[in-house]
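Just so it is clear, the structure is predicted and the values come from calculations on it, not from any experiment. Quick note: numbers below take in every heavy atom, side chains included, and nothing from hydrogens, waters or symmetry partners.
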Amino acid sequence: MNRLLSPSLLSADFGNLARDIDTINRSEADWLHIDVMDGVFVPNISFGFPVLKYVSRLCHKPLDVHLMIVEPDKFINEVKETGAVMMNVHYEACTHLHRTVQRIHAAGMKAGVTLNPHTPVELLEDIIEDVEMVLLMSVNPGFGGQTFIENTYAKLGRLRAMIDRKGCNTLVQIDGGVNLDNAGKLYEGGADCLVAGNAVFGSGNIIDTIAKFKNL
């Protein structure tokens with residue numbers, strides 16, 4: 001099982017964005033997680049693509065782009081132009097999810113699908129083998145700093161069982177309320193990658209905190 005870490009840029013100091021990205025570059029982080037919010041699918045607005053292009057020029061880590069937006073198909077090319085390795089879309093936002101996944105692959109990116117806390121993992125039965133990653137939201141999407149939803153552990157177990165039963169290599173990512181207190185249990189429960197925002201950028205020592213996550 002992998003033990004990857006993808007710090008969430010949403011929790012960085014926007015007044016010192018270049019400084020924080022440089023710190024991530026020098027850390028043991030595996031990816032940089034970027035949440036794109038539109039104020040429609042979720043009740044908040046975050047980064048636009050001009051900011052993402054700036055981030056991509058500075059960041060040496062693979063970009064893990066999570067679109068919390070309606071009609072994500074419209075922005076596949078824009079995500080690709082940022083140099084993103086992974087484009088993650090919400091199950092709840094995609095009427096034709098399989099088609100969206102195909103288009104992401106055709107653009108040369110890996111495809112991820114995200115589930116909100118209320119969405120059962122069983123709904124991925126017929127697409128799990130077509131995506132490179134599933135992201136389980138462990139808070140309701142839209143804001144950082146929320147409390148981890150405990151039901152995520154059971155949900156993670158069901159998703160890992162599905163992946164193992166089908167024999168595919170799909171990664172499992174967890175996002176929301178992740179910290180050093182619950183990260184070990186999530187890795188042990190079958191998570192391959194954790195997204196950590198406040199736990200990293202609000203820790204006072206980003207590099208040291210990332211090292212602690214990586215050595216759990």
Side-chain angles (χ1 to χ4, degrees), residues 3-70 72 74-90 93 104 107-110 112 114 133 135 137-148 171 173-180 183 193-214:
R3 292 202 170 198
L4 307 174
L5 185 71
S6 188
S8 175
L9 194 67
L10 193 64
S11 296
D13 180 351
F14 289 1
N16 293 284
L17 201 53
R19 180 202 65 192
D20 281 1
I21 292 172
D22 177 65
T23 304
I24 294 299
N25 287 338
R26 292 184 287 108
S27 76
E28 295 179 54
D30 299 283
W31 302 337
L32 180 63
H33 189 83
I34 300 177
D35 292 306
V36 179
M37 305 179 187
D38 62 0
V40 180
F41 182 70
V42 293
N44 204 355
I45 295 174
S46 61
F47 312 104
F49 289 103
V51 174
L52 263 66
K53 288 180 181 178
Y54 170 74
V55 169
S56 71
R57 290 199 300 268
L58 297 176
C59 187
H60 303 158
K61 305 287 184 178
L63 298 186
D64 166 28
V65 178
H66 176 194
L67 297 189
M68 302 182 186
I69 66 174
V70 298
K74 290 183 178 181
F75 300 99
I76 291 173
N77 288 335
E78 283 85 348
V79 175
K80 173 62 178 176
E81 288 172 4
T82 69
V85 170
M86 178 77 69
M87 177 174 169
N88 213 313
V89 298
H90 272 258
I104 293 170
M109 293 179 288
K110 295 180 179 180
T114 301
M133 188 168 75
L135 168 53
M137 291 301 304
S138 43
V139 299
N140 288 295
F143 298 95
Q146 297 183 64
T147 302
F148 181 85
L171 299 176
Q173 187 177 65
I174 308 293
D175 182 6
V178 172
N179 55 47
L180 287 168
C193 182
L194 301 181
V195 176
N198 287 345
V200 169
F201 288 102
S203 67
N205 190 325
I206 293 172
I207 291 178
D208 182 61
T209 299
I210 290 172
K212 289 178 180 176
F213 269 102
K214 293 293 293 180

Check: From Ser6 OG over to Ile24 CD1, what is the distance, rounded to the nearest 0.5 angstrom?
Finding: 9.0 Å
Next item on the list: Look up atom CH2 in Trp31 and atom CE in Met133, then write down how far apart they are to the nearest 0.5 Å.
Entry: 5.0 Å
Check: Got a sec, which residues hit side-chain hydrogen bond (donor to acceptor under 3.5 Å, both in side chains) with Thr209, two or more places apart in sequence or on another chain?
Finding: Ser203
Note to self: Holding to side-chain hydrogen bond (donor to acceptor under 3.5 Å, both in side chains), I want the full list of residues that pass it with Thr82, two or more places apart in sequence or in another chain.
What the structure shows: none
Next item on the list: Sequence neighbours left out, what passes side-chain hydrogen bond (donor to acceptor under 3.5 Å, both in side chains) with Ser138? Give chain and number order.
Entry: none
Note to self: Within the 4.5 Å heavy-atom criterion, are Ile76 and Met109 side-chain neighbours or not?
What the structure shows: yes
Check: What residues form a ring pair (Phe, Tyr, Trp, His ring centres under 6.0 Å) with Phe49, not counting sequence neighbours?
Finding: Phe75
Checklist line | Residue list, ring pair (Phe, Tyr, Trp, His ring centres under 6.0 Å) with Phe201, at least two apart or on another chain | finding: none
Check: Out of Leu10, Val51, Leu63, which residue meets the side-chain contact (heavy atoms from CB on, under 4.5 Å) rule with Ile34?
Finding: Leu63
Note to self: Nearest 0.5 angstrom please: Ile21 CD1 to Arg57 CZ, how far?
What the structure shows: 10.5 Å
Check: Can you pull the salt bridge (Lys or Arg N to Asp or Glu O under 4.0 Å) pairs that have at least one residue in residues 193-208, sequence neighbours excluded?
Finding: Asp208-Lys212
Margin query: What's the separation between atom CG in Leu194 and atom CG in Leu4, rounded to the nearest 0.5 Å?
Written below: 8.5 Å
Check: Taking atom NE2 of His90 and atom CD1 of Ile69, what is their separation to the nearest 0.5 Å?
Finding: 10.0 Å
Notebook entry, point to check: Should Leu32 and Cys59 count as side-chain neighbours, where that means a heavy-atom distance under 4.5 Å?
Noted result: yes
Next item on the list: Would you list the pairs meeting salt bridge (Lys or Arg N to Asp or Glu O under 4.0 Å) in which at least one residue belongs to residues 28-37, sequence neighbours left out?
Entry: Asp30-Lys214
Note to self: With heavy-atom distances below 4.5 Å as the criterion, would you say the side chains of Ile207 and Thr23 are in contact?
What the structure shows: yes
Next item on the list: Could you pull out the closest heavy-atom pair between Met68 and Pro141, with the gap in Å?
Entry: SD-CB, 3.8 Å
Margin query: If the condition is ring pair (Phe, Tyr, Trp, His ring centres under 6.0 Å), which residues does His33 pass it with, not counting sequence neighbours?
Written below: His66
Checklist line | Qualifying salt bridge (Lys or Arg N to Asp or Glu O under 4.0 Å) pairs with a residue from residues 5-23, counting only residues at least two apart or across chains | finding: Asp13-Arg19, Asp22-Arg26
Next item on the list: Please report the shortest heavy-atom distance between Gly197 and Ser8, naming the atom on each side.
Entry: CA-CB, 3.9 Å
Next item on the list: Write down the atom of Met37, the atom of Ser46, and the distance for their closest heavy-atom approach.
Entry: N-OG, 2.8 Å
Next item on the list: To the nearest 0.5 Å, tell me how far Ser11 OG sits from Leu9 CG.
Entry: 8.5 Å
Margin query: Applying side-chain contact (heavy atoms from CB on, under 4.5 Å), can you list everything that pairs with Asn179, at least two apart in sequence or on another chain?
Written below: Asp181, Asn182, Ala199
Next item on the list: Answer with yes or no after comparing the ring centroid distance for Phe14 and Phe47 against a 6.0 Å cut-off, counting only values under it.
Entry: yes
Next item on the list: Go through the structure and list residues passing side-chain hydrogen bond (donor to acceptor under 3.5 Å, both in side chains) with Lys53, not counting sequence neighbours.
Entry: none
Next item on the list: For Val70 and Val40, work out which heavy atoms get closest and say how close.
Entry: CG1-CG1, 3.9 Å
Margin query: Restricting to non-hydrogen atoms, name the atom on Phe148 and the atom on Gly177 that form the minimum distance, rounded to 0.1 Å.
Written below: CB-O, 3.6 Å
Check: With Thr114, which of Asn88, Asp175, Val89 fulfils side-chain contact (heavy atoms from CB on, under 4.5 Å)?
Finding: Asn88
